[in-house]
Every structure is written in C-alpha cells, then in structure tokens.
Amino acid sequence: MAQRGQGAARKAAKKPAKEPAAAARAPDMDSLGFQAMDSNVPGLSHVILQKLNMKTGAGCVGRGSDFGIRTYFDMFQKMEDTFKFCAECKKLPDALPDPKSLRRCKRCQNVYYCGVACQRANWPLHKKFCKKLKLVALDRLVEWLVFTGDIPFPTEAWTKPAGEVAGWEDWFAMQGQLEEKLGAVLAGRYMSLLWANAGKPRPEEGELRESVRRLVTDFHSRPLTIGLGLQLFGIDPLAKPLIIHVVGASHVETLNTRVTDYDELARMFPGQRGMEVVMVGVDVVDGPIMRPPLATPGPQGRIYLSSFKGLYHDFWEGQVETKLAARPDLVVGFHPGFHACPDLMAGWLPTLLLLRDYRLPTLFTVYSEQELKASLQILVELETHITGYAANPFASLRPEQVYSSPNKAPVYCSSYYITLLGPAASVGELEGGSDED
C-alpha cells in the first residue's frame with residue numbers, strides 16, 4: 001500500500017527532482033481498492049468502514065480482536081454487506097425503496113442487482129467475468145482460515161535449490177503429503193464453522209481444495225517474492241545475515257501477522273544465516289511484530305520480523321543513519337501505488353530519491369501490466385536505473401475483485417515486479433525494453 005503525506009525532498013538527495021509528469025497522467029488504478037471507490041460507487045468506502053467497524057489496529061474473528069462482532073454468522077454477513085451494491089446502477093441498499101431488494105447473481109454469488117432490469121442490462125458485460133468472479137467470492141470466504149491459522153498448511157525445507165524452482169507448480173511438487181494436508185484443512189473445525197454460518201451452500205470438495213491452494217499462494221507470495229529479489233540481485237543468504245526492508249507497509253502486510261509468517265524464506269534457503277524483515281509504513285498495524293528493528297544481526301538461521309510506524313525516509317534518518325537499525329541488503333515495496341495520483345507520488349518522492357541515491361537494491365511489485373507501464377515511466381523520469389522487470393513467478397494465484405467495479409478482470413497481487421539499483425546512466429534506458437524474460 002502507498003505511503004501517505006507530502007514530505008519535502010530528502011535532505012540527502014544529490015539533486016532536486018521535480019514531480020514526474022507521468023504521475024499526473026497515470027491511469028485511474030481502480031485495483032488499488034479504496035483509491036477510486038467513491039468515484040464509482042458513492043459512499044461505498046463509508047459503508048465498509050461502518051459495517052466492519054474498522055480502525056487501525058483492529059483484528060478479525062479467529063485471531064486478535066473482533067471488530068465488535070459477536071457471532072460467526074454476524075461476521076460473515078457484515079463482510080458480505082460491504083459488497084452489496086447494484087453492479088449496474090451502483091446504488092447502495094440505503095438508496096433503494098427496499099434495502100433488502102438487492103439480489104445476488106446465482107452463477108457467481110458475487111455481484112448484486114437491485115432488480116431484473118439492471119441485471120439484464122448488465123449481463124452482456126457481466127457474462128465476461130461471471131465464472132472468474134465465482135472464484136473471487138469463494139476465496140473471499142475461505143480466506144478466513146488464514147486468520148484462524150488453518151492456512152497455510154505446514155511446509156518443509158525445499159528439496160531443490162531456489163534457482164531451480166520456477167514457480168508455484170514446482171513449489172507444490174516439493175510439498176510432501178500435499179493431498180493429506182489439503183484434506184486436513186477441509187476437514188477442520190473452522191471450515192465446518194465457515195459453511196454453517198456463511199449463508200451459502202458448501203461447495204464441492206474439489207472447489208474447496210483449489211481455493212485453499214490459491215490462498216496458500218497468496219499467503220506465501222510476499223516472502224517468496226522477497227526471496228526472488230535476493231536471487232535477482234545476487235544476494236546470498238548463506239554468506240551473511242541479511243536485512244530486508246518492506247517499504248510502504250500497511251495493514252495488508254501487518255494485520256494479524258504472526259512472527260512466523262515469513263518462515264518460508266528459511267525453507268527457501270536452507271542453511272541461511274538469518275534474515276530480519278522490517279515492515280516500515282505509516283499504516284503498520286500494532287501486533288506481535290510491532291517491535292523495534294535490530295541494530296545488529298538477529299538470531300542465527302531464523303527469520304525475524306519487526307516494524308516501524310512512519311515514512312521510510314523518516315525511518316532512514318532517525319533509525320538507519322543513527323545506527324539504531326541496520327542498513328538493508330534489499331528493499332521491497334508491495335504495490336506502492338505511486339503511479340496512481342499526484343498526492344501519492346508526492347508522498348513517495350523522498351523515498352524514491354533515497355532508494356536511488358543510496359543505491360539500495362530495490363524490488364517493487366504491481367497488479368497489472370497497465371500499472372507496470374505507468375510505474376516504469378515515472379521511474380525513468382526520476383532517472384532511476386531499472387535493472388529488470390517481468391511477470392512474477394510467485395504472484396498470488398488468488399483472483400481479487402476490483403472492489404467498486406466488479407465487472408472487470410480480477411487482479412492478482414504482485415503480478416509483475418520491477419528491480420532498481422541507483423541512478424540511471426541515461427534517461428532513455430528503457431528504449432531497448434527489459435533484460436528479463
């Protein structure tokens with residue numbers, strides 16, 4: 001998620017950089033969730049916050065605090081209420097003569113209509129996405145098992161070197177007794193509670209198995225993308241303890257995050273010397289990983305999570321430059337969103353200049369090819385050396401609805417990556433395209 005605030009250009013910047021024109025002309029990135037929500041469905045963001053009683057630091061039923069929800073049925077109903085608006089006329093329930101008149105599409109169980117006329121008018125568009133949106137609706141419910149701890153299932157040390165694991169197919173092939181592990185999730189108490197309270201019939205076992213697989217990839221996508229970044233920059237986890245900074249971290253990376261959630265990095269690199277992953281962002285959520293970054297290398301052979309609530313360039317000046325936190329070997333930003341609008345770009349500009357001028361190996365991820373192109377253009381205008389960009393082999397396989405406009409192709413977290421290192425030799429460095437396939 002994106003950093004907030006304006007912020008002056010970093011003191012240590014070697015030369016001033018004006019805000020890139022690309023930020024102002026970047027496309028409206030609806031896949032950022034709240035970014036364009038109210039422009040498409042007026043009042044929807046307010047409904048979501050009201051229904052879930054969301055405040056920074058709130059938790060979910062199953063782990064942590066409970067949004068004030070007292071029953072499982074109440075929880076699932078409130079979750080579903082945040083998706084209730086007519087996909088054709090965009091009206092919310094309170095804007096209708098009968099707030100209960102909204103009806104779900106029977107095929108996908110994901111989008112709503114206020115009446116037959118709107119459903120018929122919307123069908124030529126909706127039919128293009130109906131089948132995929134059925135998976136979106138299913139995964140949205142099964143995701144609760146991440147909060148209960150049923151997902152992910154236990155994993156083991158990789159039996160192949162990380163460089164030989166080309167993607168999720170190879171990763172799943174290394175998981176011993178995979179079908180038994182998936183079966184245990186399906187037979188678990190919380191899976192039964194889910195379908196007893198969700199207000200929908202329980203899907204067939206094959207559908208649930210595939211949903212669990214998709215959500216396992218969603219859970220492990222971030223640590224494995226960090227591991228990919230280490231490989232792309234030739235950083236060897238077996239040579240020394242490593243420090244990774246996750247810049248622009250928010251509730252997405254930190255809500256209910258357990259201290260063991262990135263342990264797949266240790267299995268990805270057996271024999272690694274230890275890694276500290278520091279979450280840095282203004283929207284970091286209080287929880288088990290809300291502990292100060294380490295000034296010296298962490299426990300040998302372990303993955304240590306810590307966090308800092310604030311902007312990255314402030315963290316750098318107050319913590320790294322004063323030796324309270326260690327300088328990173330790699331910086332990663334998941335969906336920074338600086339391409340989306342001038343305000344977000346203004347908040348990110350000091351950090352982007354810092355990453356460039358200190359020559360910090362950096363990897364950013366984006367949702368789509370459209371976002372990739374917009375982000376690359378901004379980085380070129382900032383005269384940043386782009387070392388590569390490509391489809392991410394460890395992108396999440398979980399499809400996600402473009403929140404306020406469901407009749408669009410679903411998006412997938414971290415679909416593409418961009419790698420950066422220092423200033424560019426010339427502004428036109430992208431003319432030849434990527435050096436990554």
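Since this is a predicted model, take the numbers as computed values, not measurements.
F172 carries R213 over the face of its six-membered ring, with the cationic atom under 6.0 Å from the centre and within 45° of the normal. For the pair R222 and F394, the cation does not sit on the ring face, since its NZ or CZ is not both under 6.0 Å from the ring centre and inside 45° of the axis.
Using a 4.5 Å cut-off on side-chain heavy atoms (C-beta onward), W171 and H220 make contact. Using a 4.5 Å heavy-atom cutoff, the side chains of H339 and E371 are in contact. Side chains of W316 and E321 form a contact here, defined as non-hydrogen atoms less than 4.5 Å apart. Between P410 and K132, some side-chain heavy-atom pair lies under the 4.5 Å cut-off. In this structure, the side chains of H335 and F364 stay at 4.5 Å or more apart for every pair of heavy atoms. Here the side chains of E276 and V278 are in contact, with some heavy-atom distance below 4.5 Å. Taking 4.5 Å as the limit, some side-chain heavy atom of L145 sits within range of a side-chain heavy atom of V142. At least one side-chain heavy atom of I226 sits under 4.5 Å from a side-chain heavy atom of L265.
Y112 and E88 form no side-chain donor-acceptor contact under 3.5 Å, judged by distance and modelled atom types alone. Looking only at atom types and distance, the side chain of Q175 has no donor-acceptor partner in the side chain of W158 under 3.5 Å away. Residues D283 and S250 bring no donor and acceptor atom of their side chains to less than 3.5 Å of each other. Side-chain polar atoms of N392 and T365 form no donor-acceptor pair below 3.5 angstrom. A donor and an acceptor atom, one from each side chain of T419 and T387, are located under 3.5 Å apart.
At least one donor-acceptor pair under 3.5 Å links the side chain of T257 to the backbone N or O of E253. Distance alone, capped at 3.5 Å, places no donor-acceptor pair between the H251 side chain and the V284 backbone. Between the side chain of S221 and the backbone N or O of D218, no donor-acceptor pair lies under 3.5 Å. Although no hydrogens or angles enter the test, the distance criterion places a donor-acceptor pair under 3.5 Å between the side chain of Q272 and the main chain of G301.
Exactly one residue among Y358, F334, Y312 makes a ring pair (Phe, Tyr, Trp, His ring centres under 6.0 Å) with H245. That residue is Y312.
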Exercise for the section: Show your working on side-chain contact (heavy atoms from CB on, under 4.5 Å) between L420 and R356 and close with a plain yes or no. Expected result: CA-CA 8 Å; L420 324 167; R356 181 196 69 183; over 6 Å; no
Exercise for the section: Let me see the working for T155 and R267 under side-chain hydrogen bond (donor to acceptor under 3.5 Å, both in side chains), right down to the final yes or no. Expected result: CA-CA 8 Å; T155 58; R267 294 183 270 277; 2.7 Å; yes
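Under a cut-off of 6.0 angstrom, the local environment of NZ in K200 is crowded, with over 12 non-hydrogen atoms contributed by other residues, nucleotides or ligands. Within a 6.0 Å sphere centred on CD of Q300, heavy atoms belonging to other residues, nucleotides or ligands number more than 12.
At a threshold of 4.0 Å, the pair K78-D81 does not count as salt-bridged, since none of the basic side-chain nitrogens sits closer than that to a carboxylate oxygen. A salt bridge does not link D263 with R302: none of the charged nitrogens is closer than 4.0 Å to a carboxylate oxygen. Taking the charged nitrogens against the carboxylate oxygens, E400 and R140 have no contact shorter than 4.0 Å, which rules out a salt bridge. E156 has a carboxylate O that lies under 4.0 Å from a charged side-chain N of K181, or vice versa, which qualifies the two as a salt bridge. At a threshold of 4.0 Å, the pair K134-E207 counts as salt-bridged, since one of the basic side-chain nitrogens sits closer than that to a carboxylate oxygen.
In this structure, the ring of Y416 has its center no less than 6.0 angstrom from the ring center of Y367.
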